[in-house]
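Here the structure is laid out as structure tokens; the discussion comes afterwards.
All ligand and atom numbering here is 1-based and tracks the order in the structure.
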Amino acid sequence: MGSHANIVAVAAVLAALVAVGSCGPPKVKPGPNITTNYNGKWLPAKATWYGSPTGSGPADNGGACGIKDVNLPPYSGMIACGNLPIFKDGKGCGSCYEIRCKEPEECSYQPSTVFITDMNYEKISAYHFDLSGKAFGSLAKPGLNSNLRHRGIIDVEFRRVRCKLPAGQKIVFHVEKACNPNYLAVLVKFVAGDGDIVNMELKEKASPEWKPLKLSWGAIWRIDTPKALKGPFSIRITSESGKKLVATDVIPVNWKADTAYTSNIQF
Ligand SMILES: *[C@@H]1O[C@H](CO)[C@@H](O)[C@H](O)[C@H]1NC(C)=O
């Protein structure tokens, strides 16, 4: 878990510190949580990058949201670590932001859209996006993505946007490793609209009761119960703006751990 600050970015931060003659790392307080205010004005943030220059690198195999293969569609490497008010202890996993930069001169000022799939702990600004190399480079004018990456750390503007996913992309539930009938942990991904989930409940087919899951970490929700759970399971999710959807019988009776189940629902 956690961010993997790029050496270039770290070097740039250190250089900046030396330049201002500071005696220690700046400790900037995180800004207020970003919510589903989709027509909000652009806010200032810092952006750095991590991973490989043209991809998402180490986070491909699961950052602090637990979502793997973020280099593949539909996220396609357009991902970022958000700091606390963006990551929100995991509740921000899957949410989307437009990011643009005006300075330095390599910047195109055209917005790129990124999905939050990881968190960063650095306290360099109220809002901070540690972008994949691909997402950071996409902020540049054509042909200047590599030059922009050499800047390491830049000022950006950002705003929350609704997540758009390719037509036909449904929400996927991944039953995590080591699950058993007394312990079920379910990762949710590929959520359009708000992108992030604030509540998850589960219903056994033979029962009328919706049982609450609690956020385990990242995008993973869990339930522990002494009474063995019996599938198929329906899952009810609530997105950040309060919209609910039910994926009926999405996890079959003969479910297996470490398996993805694609629903037929999408916001
Ligand atoms: C920000 O979000 C986190 C995670 O959901 C929460 O614990 C915290 O209370 C929120 N802060 C504010 C000021 O709402």
field: Under-4.0 Å protein heavy-atom contact, atom 14 (O) of ligand 1
entry: yes
message: One thing to verify: whether K88 and E240 come together as a salt bridge, which I'm taking to mean a side-chain N less than 4.0 angstrom from a carboxylate O.
response: yes
D194 with R162: basic N within carboxylate O range, under 4.0 Å: no
query: Any salt bridge between E204 and K211, counting N to O under 4.0 Å?
result: yes
query: Would a hydrophobic clustering, with Ile, Leu, Val, Met, Phe, Trp and Tyr connected at side-chain separations under 4.5 Å, put L213 with V188?
result: yes
task: Could you tell me whether some N/O pair between K91 and ligand 1 is separated by less than 3.5 angstrom?
output: no
query: Looking at D89, which atoms of ligand 1 are within less than 4.0 Å of one of its heavy atoms?
result: 4 (C), 7 (O)
- request: Return the residue, atom name and 0.1 Å-rounded distance of the protein heavy atom closest to atom 5 (O) of ligand 1.
  value: K88 O, 3.7 Å
query: Going by an N to O cut-off under 4.0 Å, is there a salt bridge joining R160 and D196?
result: yes
message: Any protein heavy-atom neighbour for atom 10 (C) of ligand 1 (distance below 4.0 angstrom)?
response: yes
task: Considering only non-hydrogen protein atoms, determine which one is nearest to atom 6 (C) of ligand 1 and report residue, atom name and distance to 0.1 Å.
output: N33 ND2, 4.2 Å
